[in-house]
Every structure is written in structure tokens, then in C-alpha cells.
Amino acid sequence: MNSQAIVFDIQKFSLHDGPGIRTTVFLKGCPLRCLWCHNPESWTARPELLYSPGKCTRCGKCAAVCPNRAHSFEAGRHVFARNLCLACGKCADVCPTGALELCGQYRTIEDVLAAVLADRPFYQNSGGGMTLSGGEPMAQFAFTEALLRAASANGIHTALETCGVAPWQEFQNILPFTDLFLFDIKSLDAEKHLQFTGVPLAPVRRTLDSLAAAGVKIILRCPLIPGMNDSQPELAGIGELAENLPAVSEVQVEPYHPLGQSKALRLGLSDYYAAPFATQEFTLACIAAIQRHTGKSVRKS
Ligand code: SF4
Ligand code: SF4
């Protein structure tokens, strides 16, 4: 059993990642590279340094502690050489302005489980539990399986948010410990799916169909990205997909928000796609377009 994983957040009192009040554990590592990703800091399965140049006062404390000379100053300008960074976190510890932040920590099963169990009374009163998200939790499969197993053994309702890209055998292994799958569908257009996420649609659909055939509970989660996956045929396809899979109880849409853009800049990612803001009017129109093709609930997550 792999008893450690790289976790980048544990969010308490979450109301948007499954039923009731939940603790959501965010794991780093993802096989997809969605152009609009809300959490680009989740992509790599290793700790990373986020740097906000606008907060830097050029005090030089980071350069003084860095063991690999990743920080330097040229003509009064702070230069951060990301390729030299070992993600040790020493500079973030001494930075007085919060310009540096280490994202991702190795956490043990026992440590994460204790954080989850601490809120058991809230789950019992609200029908909540634990949700694993990311990134893609299946990218750190051994930890994900062990944590789901341990939470389930403690009587905690478990949910897994997934993009579906992992070996089917691994999904089979977690079925006994996973009460709900929050299954991400980015686009039902095969060409767009590959173009926008870097991964073909076919394996995603295979996993979804296999989970549905296994009789598990599924909620479809669909990002709404203006100009990218909001065509009428795609929205109709989401509604039809939900309608045709008995295991799917609901469709939840997630309108694009630009938070990922600032995180991408802090990670030094230059090719992040900044979509137009998803207005309430846009979101309601998309929900209506999906709802026309299914009798199941369609709502904002
Ligand atoms: S995280 Fe460590 S290696 Fe990276 S820049 Fe900071 S001090 Fe240097
Ligand atoms: S410690 Fe923080 S504020 Fe000081 S130079 Fe480094 S990044 Fe800038």
C-alpha cells in the first residue's frame, strides 16, 4: 500500500462536491491538460512553487535561503529560474509578502483520514462525507484506493471526482468503497475533446459506460466554457447521455471562472486559455439546452 500522496488542499465544509457537508481532498496529478483548467496547480504529481511577481518587494530573503540558486536579481529585477527549483519550500517559508507559495505536500493516509474523521458529526447530520478530487485522484491510485477503503470502513460516505482516464481494473478495485462517482464530461465532440484536453474521448466514454453497467451511482459534471463546448449539439448530447444511462441521477454544470488564469501565471504557464466569463444568463441558457433532452435534474454544482 502506498501510504503517502501529494495533496494540495483539504477543503472542509464543502457543499459542492456531492451530497451534504463534505471534506474534499484534492490530489495532485492529472492525465488531462484542459485549456481552461480551474486548477492548473493540480496537473503535475509533485510539489510546485507558485510565484506572484506583483507581491515581490525584492527583499532578497528567498535568494539567501535557496539551496539551488533559483532566485537571483538582475538590475533590480527578481528572476526566478523555475528549472532550478527543487520545491523544498524554504523560500516560501521566509518570504514576508506571500509572493511565494508551495503547492502540494506529502500526506499520509492516517493524517488525511484523521482530518476527514474529525468532521464526522457534520456528515451524519447532513448526509455528507468525503470526496476525493484533484487533479485526477486515480493518478495516485494506491493512495486513493487505500483512503476510500479506510473511510468506507469507518462508515463515511465516499465520492470520487474523476475524468475517467485510468485502467478499468483500477476502477473495479475501488467500486466496493465508492458510494458516488462525480464523472467529468468536458465535451462529447471527439475532435474537440482531444484538442481541448489532450486526451481522446473514447477511453473516457468506455469508463463511463463500464461504471454505468456496474450499477454505481453517477453524477455527470460538465464544465461550461463559452465558445468551446457550448454548442447546441454538445449540450443536447449531454442531456441525452444522462437520459440514456440509468446510473446517472443528475447533471451538474460548472461555469467557467477565470481563477485558473492567475494560478497558471504564478506557475509560469504561458499557454493557458482565458475564456470569456460564463455569465449567469449564459449558464441558465446552457442548463435549459441540456434539460430539454433529459427528465433528470440539471443544475449548477
Ligand atoms: S522552493 Fe526551494 S529550491 Fe525552489 S526556489 Fe524555493 S528555496 Fe529554492
Ligand atoms: S522573499 Fe518574497 S518578497 Fe522577498 S525577494 Fe523573494 S519573493 Fe520577493
Side-chain angles (χ1 to χ4, degrees), residues 2-14 16-17 23-57 61-63 65-71 78-109 111-112 115-116 130-144 147 160-163 184 197-198 223 254 256-274:
N2 188 349
S3 61
Q4 284 200 116
I6 304 169
V7 174
F8 71 95
D9 198 11
I10 296 180
Q11 196 174 318
K12 300 269 194 168
F13 302 104
S14 171
H16 305 287
D17 295 318
T23 295
T24 304
V25 180
F26 291 88
L27 296 162
K28 258 169 92 54
C30 184
L32 271 59
R33 290 292 179 271
C34 301
L35 295 181
W36 58 79
C37 181
H38 288 165
N39 293 324
E41 75 276 30
S42 72
W43 284 352
T44 62
R46 55 181 160 75
E48 281 176 288
L49 195 67
L50 298 169
Y51 171 48
S52 305
K55 289 186 181 174
C56 177
T57 56
K61 290 186 176 176
C62 51
V65 297
C66 179
N68 218 30
R69 299 187 179 180
H71 298 282
H78 180 180
V79 178
F80 171 46
R82 185 171 292 279
N83 60 323
L84 296 179
C85 178
L86 308 169
C88 68
K90 288 180 180 170
C91 59
D93 287 344
V94 299
C95 176
T97 66
L100 300 167
E101 183 190 342
L102 191 67
C103 175
Q105 279 185 311
Y106 288 94
R107 306 280 295 258
T108 65
I109 291 279
D111 173 28
V112 176
V116 170
M130 176 188 80
T131 298
L132 301 191
S133 184
E136 168 54 60
M138 298 298 276
Q140 300 194 69
F141 171 70
F143 182 92
T144 289
L147 183 56
L160 177 84
E161 179 162 25
T162 181
C163 67
D184 296 341
T197 72
E254 299 177 303
Y256 173 79
H257 62 70
L259 272 181
Q261 188 182 10
S262 66
K263 290 190 272 191
L265 288 173
R266 292 163 70 202
L267 286 163
L269 302 171
S270 55
D271 54 354
Y272 182 83
Y273 175 81

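Residue indices begin at 1 and follow the sequence shown.
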Over all atoms of both residues, closest heavy-atom pair of Leu27 and Ala5: CD2-CB, 3.9 Å
For Ala92 against Leu100, the heavy-atom pair lying closest together: CB-O, 3.7 Å
Contact list for residues 29-47, test salt bridge (Lys or Arg N to Asp or Glu O under 4.0 Å), sequence neighbours left out: Glu41-Lys263
Least distance between heavy atoms, Phe8 atom then Gly135 atom: CE2-N, 4.3 Å
CG on Asn68 to CG on Leu84, rounded to 0.5 Å: 5.5 Å
Sequence neighbours excluded - side-chain hydrogen bond (donor to acceptor under 3.5 Å, both in side chains) pairs with any residue from residues 99-109: Glu101-Arg266, Arg107-Asp111
Contacts of Tyr256 that satisfy side-chain hydrogen bond (donor to acceptor under 3.5 Å, both in side chains) - sequence neighbours left out: none
Ser42: side-chain hydrogen bond (donor to acceptor under 3.5 Å, both in side chains) partners, not counting sequence neighbours: none
Results of salt bridge (charged side-chain N to carboxylate O under 4.0 Å, His left out) for Lys55 - residues two or more places apart only: none
Glu48: side-chain hydrogen bond (donor to acceptor under 3.5 Å, both in side chains) partners, not counting sequence neighbours: Lys28, Thr44
Pairs touching residues 82-96 that satisfy salt bridge (Lys or Arg N to Asp or Glu O under 4.0 Å), sequence neighbours left out: none
Partners passing side-chain hydrogen bond (donor to acceptor under 3.5 Å, both in side chains) against Thr162 (at least two apart in sequence or in another chain): Glu136
Backbone of Pro137 reached by a side-chain donor or acceptor of Thr144 within 3.5 Å: yes
Distance in Å, Ser262 OG paired with Leu267 CG, rounded so as to fall on 0.5 Å steps: 9.5 Å
side-chain contact (heavy atoms from CB on, under 4.5 Å) against Ala45, all qualifying residues, sequence neighbours excluded: none
Any residue meeting side-chain contact (heavy atoms from CB on, under 4.5 Å) with Ser133, in chain and number order, not counting sequence neighbours: Thr24, Phe26, Glu161
Closest heavy-atom pair and its distance - Trp43, Cys37: NE1-SG, 3.3 Å
Flag side-chain contact, heavy atom, 4.5 Å: Phe80 against Leu49: yes
Residue pair Leu102 / Ala87: nearest heavy atoms and the distance that separates them: CD1-O, 3.8 Å
Residues that His257 engages under side-chain contact (heavy atoms from CB on, under 4.5 Å), provided they are two or more places apart: His38, Leu259
Side chains of Thr97 and Cys95 in contact at under 4.5 Å (non-hydrogen atoms): yes
Which residues share a side-chain contact (heavy atoms from CB on, under 4.5 Å) with Cys56, sequence neighbours left out: Tyr51, Arg58, His78, Ala99
From Leu160 atom CG to Leu132 atom CG, the distance as rounded to the nearest 0.5 Å: 6.0 Å
Shortest non-hydrogen contact from Ala264 toward Pro40: N-CG, 3.9 Å
From Leu50 atom CG to Leu265 atom CG, the distance as rounded to the nearest 0.5 Å: 11.0 Å
